Trainee: 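Below are the structure tokens for one structure; questions will follow.
Nothing here was measured: the structure is a model prediction, and the numbers come from that model. Just so we're on the same page: letters track the sequence lines, and every chain starts at 1.
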Amino acid sequence: MTTIDASLLDDLQKRGLIAQTTGGDVLAGYLASGSRTLYSGFDPTADSLHIGHLVPLLALKRFQLAGHKPIALVGGATGLVGDPSFKAAERKLNTPDIVANWTDKLKAQVSRFIDFDCGDNSAEVVNNLDWVGKMDVLSFLRDVGKHFSINNMINKESVKQRLDREGAGISFTEFTYMLLQSYDFAELYNRHNCTLQIGGSDQWGNITGGIDLARRMYSGETYGMTLPLVTKSDGTKFGKTESGTIWLDPDKTSPYAFYQFWLNTADADVYKFLRYFTFLSLSEITEIDERDRAAEGRPEAQSILAREMVALIHGKEGLEAAVRISEALFSGSMDSLSESDLEQLKLDGLPSSTIMRSELAEKPLTQWLVDAAMAASGKQVKDALGRGAVFINGEPKTFEQNGDAASCFAAADARFNRFYIVKLGKKKYHLFEVV
RNA sequence: GCAGGGGUUCCCGAGUGGCCAAAGGGAUCAGACUGUAAAUCUGACGCGCAAGCUUCGGUGGUUCGAAUCCACCCCCCUGCACCA
């Protein structure tokens, strides 16, 4: 028999992970008095989840650890339609085969976070295409559509801007999204006795829609809870860097890059992020906070956060790889790297490229670095060269040497006859293999 | 459909015949300082190592010369009308 951790809601509250809930105090008692089944949905809008999906995904795990049964729903059907919630403009539809492909990828990713073999509250992964795909239009209109009032729907905050805005508009397709998601909840209630849906705060409208539908179709009593949108103290968008979205797929964002992302968290955000994203207890986090405050200089929190996150998403091996690269590069002891270390750096996800020695003379250094995506334009490399911010195997290069890439990558300077670590600025590293 | 306003470099936003690759701010990149922070200061910021090349919704035109003037077209906003 599964033990229920009755303090779950209280813990979530203290972590700042609860934006809104339905049912008020009833929900706390409901969750404390038995193992419940809950779900959260993930639509296949790309071939990988990104860190924006982490809060609901980890919340499923928190519920599971507290004794509840999580269902991760991958939106093979809803992904074909597109959620209009708080979106400024109509989105373009992806083809069914692309969505199906993405659905499979998300299923695999999601599955790594929750436990499928822990007795009564083992997790499940479902795809809403399995039930929505079988439904015919008339049944949908009669059985589902009949329960929705257009009057209520157009009053939802999530679609307001699309209705109000001149020139934007909303198609019937996207407008119908809420019905699909609501139907998911009703269906999961009916099939799995799923009585709680969680999601991002932008999902409130869709979640309450589902609660109403479950009641109307099956007289079911269900609950909803939303998690906060992750914000940063400086007002910029969480989860994006200059180089783009931070993905959970190691092929899209390497464990090293992922580690660096968390390591660079601002002091003003790091303790909040520890509460949001890690499974460290609140008292442990408070302790870290206090210790950092007492110590002069560099706080430990970022490093703890980075380690926790990489271990969570990429496992022990991913963490070791990320730390190995980071230490080699940032400790200044690159000389100590062995040939196999350098090869490992490549495998570990340090950006790298292979170039032909015979082609070196064809382009100036600026162009080689631009081609390797180290900088957006040759001008930036030129600026860096002028400031002594470009190093090849530890040797500073100057603008005068720009035209002579062959001597910048001189054979005599190569590590193990082929490797060059190029550093641009303080944080950008790239491994060149010249053959 | 009619009337009025507008589309400028990643974003906001100046510029209304040469001094404009185009003010200013933001974002971004690099340097100093630091903790691979923050704040601050400095430099860069269409592309090109360079000569030089390509931009100001689109197409044509006027002119020695246009982001700036003219014509037509496309798109957006604001009123009015039409529709209901």
Trainee: At less than 4.0 Å, is any side-chain N or O atom of A/R387 found next to OP1 or OP2 of B/rA32? Yes or no.
Mentor: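 Checking B/rA32 against A/R387, no side-chain N or O comes under 4.0 Å of OP1 or OP2.
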Trainee: Might you point out which heavy atoms bring A/I198 and A/A59 nearest each other, and give the distance in Å?
Mentor: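 Smallest heavy-atom distance, with atoms named: CD1-CB, 3.7 Å.
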Trainee: What integer distance in Å separates A/N402:CG from B/rA51:P?
Mentor: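 It works out to 14 Å between those atoms.
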Trainee: Indicate whether OP1 or OP2 belonging to B/rA30 is found under 4.0 Å from a side-chain N or O atom of A/K428.
Mentor: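 It does, given that an N or O in the side chain of A/K428 lies less than 4.0 Å from OP1 or OP2 of B/rA30.
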Trainee: Check this for me: does the side-chain of A/D383 come within 3.5 Å of the base of B/rG31 through a donor and an acceptor?
Mentor: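 Under the 3.5 Å cut-off, the side chain and the base do not form any donor-acceptor pair.
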Trainee: Take the angle between the ring planes of A/W262 and A/F258 and call it parallel below 30°, perpendicular above 60°, tilted in between.
Mentor: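 Geometry flag for A/F258 against A/W262: perpendicular rings.
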Trainee: Paired with B/rC53: which nucleotide, if any, by Watson-Crick or G-U wobble criteria at under 3.5 Å for both distances?
Mentor: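 B/rG46 is the nucleotide pairing with B/rC53.
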Trainee: Between B/rC49 atom P and A/D404 atom CG, what is the distance in whole Å?
Mentor: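 The answer, rounded to whole Å, is 15 Å.
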Trainee: Return the pairing partner of B/rG79 with a 3.5 Å limit on both distances, Watson-Crick or G-U wobble; otherwise return none.
Mentor: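 Base-paired to B/rC2.
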Trainee: Does a side-chain N or O of A/K427 approach OP1 or OP2 of B/rA37 to a distance below 4.0 Å, or not?
Mentor: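 For B/rA37, OP1 or OP2 has a side-chain N or O of A/K427 closer than 4.0 Å.
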Trainee: What integer number of Å spans the C1' atoms of B/rG24 and B/rU78?
Mentor: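 The answer is 28 Å between these two C1' atoms.
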Trainee: Taking donor-acceptor contacts at under 3.5 Å, does the side chain of A/Q302 reach the base of B/rU36?
Mentor: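 No, no donor-acceptor pair under 3.5 Å.
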Trainee: A/I304 has an atom CD1; how far is it from atom P of B/rG35, in whole Å?
Mentor: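 In whole Å, B/rG35 P lies 19 Å from A/I304 CD1.
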Trainee: Measure from the side-chain N and O atoms of A/R357 to the backbone N and O of A/F409, and report whether any donor-acceptor pair falls under 3.5 Å.
Mentor: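 Pair found, side chain donor or acceptor close to backbone of A/F409.
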Trainee: Is a donor on one side and an acceptor on the other found under 3.5 Å between the side chain of A/T222 and the backbone of A/L196?
Mentor: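 No: the side chain of A/T222 does not pair with the backbone of A/L196.
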